[in-house]
Novice: 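This is the structure I want to talk about, given as structure tokens.
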There are 2 protein chains.
Amino acid sequence: MKRDSRLSSVLHALLHMAERDGPMTSDALAKCLTTNPVVVRRTMGFLRDAGIVTSDRGHAGGWRITADLSVVTLRHLHDALGEPALFAVGNRNEAPDCLVEQAVNAALDQSFAEAEALLLARFGEITLADLAADFAVRYAARLKQKDL
Amino acid sequence: MKRDSRLSSVLHALLHMAERDGPMTSDALAKCLTTNPVVVRRTMGFLRDAGIVTSDRGHAGGWRITADLSVVTLRHLHDALGEPALFAVGNRNEAPDCLVEQAVNAALDQSFAEAEALLLARFGEITLADLAADFAVRYAARLKQKDL
DNA sequence: CGAATCATAACTATTGAAGTTACATGAAAC
DNA sequence: GTTTCATGTAACTTCAATAGTTATGATTCG
């Protein structure tokens, strides 16, 4: 399938929202992400269901972050998106009768399980506040560059 | 796209080949894998290009393992298949101008790089001989179970 | 009311592996 | 040398899940 970039997308959206007061509309976010407002609503809807953001309709409506930036981790966001499959590679057959295939699956499953555990652990260590801080550093660096 | 199961497939095929003398035809392998002989040829072709197997046409033709089972690792096979993307999740945009997206990508790239390094390291530790030995253990266990 | 905004359904586009069909090529058996 | 068995390969269709698009409905506020 196509590469799943929803985690990347929601992070991008959340950090833009964090940088400004008041709500951001799906249209505005779509422009930041160079995509479509419907895609923004569809994806952000998962975060609303998870209680990380709220959405309001009508005038002055849009999306707002309700969670604490220093609490929400990439892991929370991944979970909110429904824990999509992380790997593009996998077994041919999940529960085969063939003993050869069972031996193959056991070895692959073990390796993938370890890599997944590491990845999810890293996700659990990174908060939105960390990313916002990293953005601030990059922003300051760019300003400094312009001054030269 | 569909989940890539070629590594799983070639492992399954190689272990079946290792369990018998003489070559195995694409047809026979396709039956083991419950797939199509053309798919077998297409996938095994990568291993032929990497020098791990040979194929012969005509009567008594088919596929044979030429490499040493105790030398070939999952990593070799993964490389032979062209190092396909391991992750189904990734960045929206590889080299964005947006500083927010750069911060997001940096965090995600770091986590994915660590998980990929671990996965490839594990792949590098597992040989075909290891899998064949594991199969032998499973086979003995099944025979024993039948005796009861 | 009317404009702004989200909610949602119902599509199409995308992407690469997997599966299929068809035919060409080469090697061994007879 | 013809037949048979087998690989080689091109050209398609199928599949699965996200991304993108279009259209319509439902709220909210001025």
Side-chain angles (χ1 to χ4, degrees), chain A residues 1-10 12-13 17 22-49 53-64 66 78 80-94, chain B residues 1-10 12-13 17 22-49 53-64 66 78 80-94:
Chain A
M1 93 198 83
K2 242 178 190 166
R3 204 103 170 278
D4 183 346
S5 61
R6 288 178 299 170
L7 180 58
S8 174
S9 289
V10 298
H12 192 174
M17 289 161 68
M24 277 186 80
T25 67
S26 303
D27 256 328
L29 287 171
K31 289 213 171 76
C32 291
L33 308 189
T34 57
T35 180
N36 191 294
V38 176
V39 174
V40 171
R41 289 191 198 108
R42 187 191 289 157
T43 311
M44 293 295 285
F46 288 102
L47 305 194
R48 182 186 49 225
D49 296 344
V53 300
T54 56
S55 57
D56 289 302
R57 304 204 240 201
H59 272 285
W63 299 88
R64 276 176 299 127
T66 51
H78 173 69
L81 291 172
E83 305 180 56
L86 291 169
F87 295 104
V89 171
N91 295 329
R92 259 172 22 82
N93 198 325
E94 275 319 314
Chain B
M1 86 197 89
K2 244 177 189 165
R3 203 105 169 276
D4 183 347
S5 61
R6 289 178 298 170
L7 180 58
S8 173
S9 288
V10 298
H12 193 173
M17 289 161 68
M24 276 186 81
T25 66
S26 303
D27 255 329
L29 287 171
K31 289 212 172 79
C32 290
L33 309 190
T34 58
T35 181
N36 191 294
V38 175
V39 174
V40 171
R41 287 188 201 112
R42 187 192 290 157
T43 310
M44 293 294 286
F46 287 101
L47 305 194
R48 182 186 49 225
D49 296 344
V53 301
T54 56
S55 57
D56 290 301
R57 303 204 242 201
H59 273 283
W63 299 88
R64 276 176 299 128
T66 50
H78 173 69
L81 292 172
E83 305 180 55
L86 291 169
F87 295 104
V89 172
N91 295 330
R92 259 172 23 81
N93 197 326
E94 274 320 316

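Source: prediction; values computed, not measured. Residue numbers begin at 1 in each chain, while the letters A, B, ... track the order of the sequences. We use all heavy atoms of the structure for the numbers below, so side chains are in, but hydrogens, waters and symmetry mates are not.
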Novice: Between B:Val40 and B:Thr25, does a side-chain contact (heavy atoms from CB on, under 4.5 Å) hold up when you go through it step by step?
Specialist: CA-CA 9 Å; B:Val40 171; B:Thr25 66; over 6 Å; no
Novice: For A:Arg3 and D:dA17, give me the distance from atom CZ to atom P, rounded to whole Å.
Specialist: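 Computing the A:Arg3:CZ to D:dA17:P distance gives 17 Å.
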Novice: Does A:Thr25 make a side-chain N or O approach to OP1 or OP2 of C:dA4 shorter than 4.0 Å?
Specialist: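 No, A:Thr25 has no side-chain N/O under 4.0 Å of OP1/OP2 on C:dA4.
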Novice: Grab the two heavy atoms, one from A:Trp63 and one from A:Gly45, that are nearest each other, plus how far apart they are.
Specialist: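 Closest pair (atom of A:Trp63, atom of A:Gly45, distance): CH2-N, 4.0 Å.
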Novice: From the options D:dA10, C:dA10, C:dA18, select the nucleotide whose nearest atom is closest to the side chain of A:Arg42.
Specialist: C:dA10
Novice: Check the distance between D:dC29's C1' and A:Asp56's CG and give it to me in whole angstrom.
Specialist: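 Answer to the nearest Å: 12 Å.
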Novice: After noting the C-alpha distance and the side-chain angles of A:Met44 and A:Met17, does the key distance pass the side-chain contact (heavy atoms from CB on, under 4.5 Å) rule?
Specialist: CA-CA 12 Å; A:Met44 293 295 285; A:Met17 289 161 68; 3.8 Å; yes
Novice: Just the rounded figure in Å: distance from P of C:dC11 to CG of A:Asn36.
Specialist: 18 Å
Novice: Please state how far atom NZ in A:Lys31 lies from atom P in D:dG20, giving the value in whole angstrom units.
Specialist: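 Rounding to the nearest Å, NZ of A:Lys31 and P of D:dG20 are 15 Å apart.
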Novice: According to a strict under-4.0 Å criterion, is B:Arg6 in side-chain N/O contact with OP1 or OP2 of C:dA17?
Specialist: yes
Novice: Nearest whole Å is fine: how far is D:dA19 C1' from B:Asn93 CG?
Specialist: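 Atom-to-atom, B:Asn93 to D:dA19, this comes out as 14 Å.
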Novice: Within the structure shown, what part of the strands sits under 4.0 Å from A:Arg48 by heavy-atom distance: base, sugar-phosphate, or nothing?
Specialist: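 Sugar-phosphate contact only.
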Novice: With a cut-off of less than 4.0 Å, is there a side-chain N or O of B:Ser26 near OP1 or OP2 of D:dA6?
Specialist: no
Novice: Just checking B:Thr43: base, sugar-phosphate only, or nothing, at a heavy-atom cut-off of under 4.0 Å?
Specialist: nothing
Novice: Mind listing the closest non-hydrogen atom pair of B:Asp27 and B:Pro37 along with its distance?
Specialist: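 Where B:Asp27 meets B:Pro37 most closely, the heavy atoms are OD1-CG, 3.4 Å.
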Novice: In whole angstrom, give the distance that lies between atom CG of B:Leu47 and atom C1' of D:dG8.
Specialist: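 Between C1' of D:dG8 and CG of B:Leu47: 16 Å.
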Novice: Choosing from C:dA7, D:dA10, D:dT21, which nucleotide comes nearest the side chain of A:Val38?
Specialist: D:dT21
Novice: Between B:Arg41 and D:dT7, is there a side-chain N or O to OP1/OP2 distance below 4.0 Å?
Specialist: yes
Novice: Let me know the distance between CZ of A:Arg64 and P of C:dT5, rounded to the nearest Å.
Specialist: 14 Å
Novice: Does B:Ser55 place a side-chain N or O at less than 4.0 Å from the phosphate oxygens OP1/OP2 of D:dA6?
Specialist: no
Novice: Name the residue closer to the 5' end of DNA chain C, choosing between A:Met24 and B:Arg57 according to the nucleotide with the nearest heavy atom.
Specialist: A:Met24
Novice: Could you report the tightest heavy-atom contact between B:Leu7 and B:His78, atom names first, then the distance?
Specialist: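 In this case the closest contact between B:Leu7 and B:His78 is CD1-N, 4.1 Å.
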Novice: Expressed as a whole number of angstroms, how long is the span from A:Asp27:CG to D:dT21:P?
Specialist: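 Between P of D:dT21 and CG of A:Asp27: 13 Å.
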Novice: At under 4.0 Å between heavy atoms, what does A:Gly45 touch on the DNA or RNA strands: base, sugar-phosphate, or nothing?
Specialist: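 Result for A:Gly45 = nothing.
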Novice: Please tell me if B:Thr35 has a side-chain N or O lying less than 4.0 Å from either OP1 or OP2 of C:dA18.
Specialist: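 No, because none of the side-chain N or O atoms of B:Thr35 sits under 4.0 Å from OP1 or OP2 of C:dA18.
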Novice: Taking the nucleotide of DNA chain D with the closest heavy atom to each, which residue, A:Ser9 or A:His59, is nearer the 5' end?
Specialist: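 So the residue in question is A:Ser9.
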Novice: On a heavy-atom basis, which atom in A:Arg3 and which in B:Phe87 lie closest, and how many Å separate them?
Specialist: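 Shortest heavy-atom separation between A:Arg3 and B:Phe87 comes out as NE-O, 3.3 Å.
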